[in-house]
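Worksheet: one structure, shown below.
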Amino acid sequence: MVVGLLGIVVALVAVIYVQRRLQPGSRAAAGVIQGQSERAERAAAEIRARAVAEAEEIVRRASEQAQAAELQAAQRAEQAEHRAAREAEQAARAARGRREVEEEIRAVKDEIRELRGDLERREARLGEREQRLDDELRRIEDKVVALDERKQELDRQAAELAEAGVARQAELQRVAGLTAEQAKAELVGSIETQAKRQAALAIRDIEAQAKAEADKRARKIVTLAIQRVAVEQTSESVVSVMHLPGDEMKGRIIGREGRNIRAFESITGVNLIIDDTPEAVLLSCFDPVRREIGRLTLERLITDGRIHPQRIEEAYERGKAEIELLCRRSGEDAMTQLGITDMHPELIDLLGRLRYRTSYGQNVLAHLVESAHIAGMMASELRMDSLLLRRCTVLHDIGKALTHEVEGSHALIGAEIARKYGEPDDVVHAIEAHHNEVEVRTVEAVLTQAADSISGGRPGARRESLEMYVKRLERLEEIAAAHEGVEKVFAMQAGREIRIMVKPDAVDDIHAQVIARDIAKQVEEELTYPGQIRVTVVRESRATEFAR
């Protein structure tokens, strides 16, 4: 491109020179030359424009290449810095690792020095102990030698005494005129004659006294057994008082629009009475087990402070588990009192449930323990197996633990339970015969009946009115539970209300009204009661979702 420019410049110079040198007569030739010069100038301008464009393109490419080179250089510098940083970090880690290893080595060396010092001290103490043992062994050997010498001395003295005794015995035989065997036989005969005489006199006196006091002792067998039993009197109530930390707690127990108290009564089956009594509420329920579970539930809710339907259900489940544990412990305590150790665990649990059951106002578990003690005492007086009698008597009312669940006499139910869990035939027969539902065939069954009658017939043991009241409430629940679709039944407010929980998928609203009317009519026909009884049928619907 530069060579072409130079050629154009040379041509222009030549043209100018020629124009100056030409004569006036050569103007035509000069015009031709001028035309060619113009064309050459235009060509030179085009070439110059192309040269400028190509130069600009070359400059642009060079600039882009320079920027790319700078970017690559910056990237390589950054990579070099990263590698240098990683290498520095690795070097620091290696330095820290070396320091840690050196510290561990120093710690191990210190520990080895301590262990070596401890070992040396122990070796020194062992050496001292060995020295003391050697000294003690020498003293023991000296004592053994001394004892051997003393034994030899004692043997010599014993031989001398034996010789002296033989000589003395020979002298006594010579003086008495009897040998040793003859003297011994004469002494034994004299003592035997005297003993026989005294024994005959004692036997005569004992027989006379036995004949004189036979009837008196027979009458005392039962009275002594009763006198030796001390039991607590049972005071039954259908109401429990729950003390509150403050009156503001009553509002929290009731809840918004009464939802908490409704949930509590629905879940526990216990009527919660909140009145003007300061800092106290009442729990009303004829079933003591259910009432105690309700009391524990409310106590746990008050202690926790959070009262809502979900929390009430959780507290109820915990209270129920606690009552079951208390029942089991009560059964085990009863077995410990009676000295019975080989009873089936299921029977022990059933006995524990009787802690909350009453019969004519008498606590059934206390009645069983009392009857067992009485039977054991009578068996001891009659020289029978007292443990077997206690076993028969403590199980004679075991069927009452299931009379709410199984139909039939508690005596026959108890006999089936005892037979199921491997009790002896005498025990099973005593249980099934204690109310004469089966003919009595053994002495154990007779004594079981006697002990049962003594415990139940003593003054202050039972009250007829409470038992009739409980039976009426139980009958109320039985009537309601017999209808189809009923899930739970609770007799509340001392028998003035019966609340029925029905299955919502099996009973609709109209059927619930029919059930309430039928139960009310059946109660009017079968039961006698003061005032009126309200029948409430509750059909509950629940919707449950989970937030995830």
Side-chain angles (χ1 to χ4, degrees), residues 238 262-272 283-294 297 312-313 316-317 319-320 323-324 327 349-350 353-354 356-359 364 397-414 416-417 466-542:
V238 296
R262 288 197 302 271
F264 182 87
E265 293 179 350
S266 174
I267 293 170
T268 63
V270 178
N271 189 29
L272 188 59
L283 298 170
S284 175
C285 181
F286 79 95
D287 188 345
V289 178
R290 194 187 303 162
R291 187 173 67 249
E292 182 65 13
I293 295 175
T297 302
I312 292 172
E313 290 186 3
Y316 172 75
E317 294 299 330
K320 185 177 179 182
I323 291 299
E324 291 178 355
C327 291
D349 291 342
L350 291 176
R353 291 172 60 179
L354 295 175
Y356 298 101
R357 178 70 187 268
T358 59
S359 178
V364 176
D397 277 343
I398 190 70
K400 289 185 177 181
L402 295 177
T403 51
H404 294 294
E405 305 171 9
V406 182
E407 295 183 358
S409 169
H410 73 272
L412 300 179
I413 294 173
E416 290 298 327
I417 295 172
L466 180 61
E467 181 66 11
M468 297 301 296
Y469 165 74
V470 172
K471 286 185 176 180
R472 177 168 60 84
L473 297 184
E474 291 176 350
R475 181 55 185 161
L476 280 174
E477 291 190 350
E478 290 175 0
I479 291 174
H483 287 73
E484 184 178 0
V486 174
E487 184 177 8
K488 295 180 182 179
V489 179
F490 304 114
M492 309 177 71
Q493 294 185 357
R496 292 190 295 272
E497 178 183 359
I498 180 170
R499 186 165 297 180
I500 302 104
M501 309 291 293
V502 297
K503 300 177 181 178
D505 54 347
V507 177
D508 56 12
D509 293 337
I510 298 176
H511 191 191
Q513 295 178 357
V514 174
I515 291 176
R517 185 174 60 254
D518 293 343
I519 292 175
K521 183 177 180 180
Q522 188 175 357
V523 170
E524 290 176 354
E525 294 174 353
E526 295 186 12
L527 298 181
T528 301
Y529 50 90
Q532 62 182 5
I533 298 176
R534 182 171 62 182
V535 179
T536 303
V537 177
V538 179
R539 181 176 179 266
E540 181 182 13
S541 298
R542 290 190 179 187

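For reference, positions follow the sequence shown, starting with 1. Keep in mind it's a predicted model, so treat the numbers as computed, not measured.
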Looking only at heavy atoms, what is the nearest atom pair of [X] and [Y], with distance?
X      : Y      : result
Asp508 : Arg539 : CA-NE, 3.6 Å
His511 : Glu484 : CE1-O, 4.4 Å
Glu477 : Phe490 : OE2-CA, 3.8 Å
Gly294 : Val270 : CA-CG2, 4.3 Å
Ala480 : Val486 : O-CG2, 3.4 Å
Ile398 : Gly414 : CG2-CA, 3.5 Å

Answer yes or no: is there a side-chain heavy-atom contact under 4.5 Å between [X] and [Y]?
X      : Y      : answer
Ile323 : Lys320 : no
Asn271 : Leu283 : no
Val523 : Leu476 : yes
Gln513 : Val537 : no

Hey, could you give me the [atom1]/[atom2] distance between [X] and [Y], rounded to the nearest 0.5 Å?
X      : Y      : atom1 : atom2 : answer
Arg290 : Thr297 : CZ    : OG1   : 12.5 Å
Glu487 : Lys503 : CD    : NZ    : 6.5 Å
Asp518 : Ile479 : CG    : CD1   : 12.0 Å
Thr536 : Ile519 : OG1   : CD1   : 10.5 Å

- Determine, for Arg534 against Glu497, whether the closest basic-nitrogen to carboxylate-oxygen distance falls under 4.0 angstrom. yes
- Using modelled atom types only, decide if a donor and an acceptor are shared between the side chain of Ser266 and the backbone of Arg262 within a distance under 3.5 Å.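 The answer is no, because no donor-acceptor pair under 3.5 Å joins these two groups.
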- Message: Go through it in stages, so that I can follow the logic: the residues are Ile500 and Val535, the test is side chain to side chain contact (heavy atoms under 4.5 Å, CB included), and I'd like the CA-CA distance, side-chain angles, deciding distance and then a yes or no.
- Response: CA-CA 8 Å; Ile500 302 104; Val535 179; 3.5 Å; yes
- Taking only residues two or more places apart in sequence or in another chain, which ones pass salt bridge (charged side-chain N to carboxylate O under 4.0 Å, His left out) with Glu416?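 Residues passing salt bridge (charged side-chain N to carboxylate O under 4.0 Å, His left out) with Glu416: Arg419.
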- Task: Name all residues meeting the salt bridge (charged side-chain N to carboxylate O under 4.0 Å, His left out) criterion together with Arg475; count only those two or more places apart in sequence or in a different chain, and write none if there are none.
- Result: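 Listed in chain order: Glu478, Glu526.
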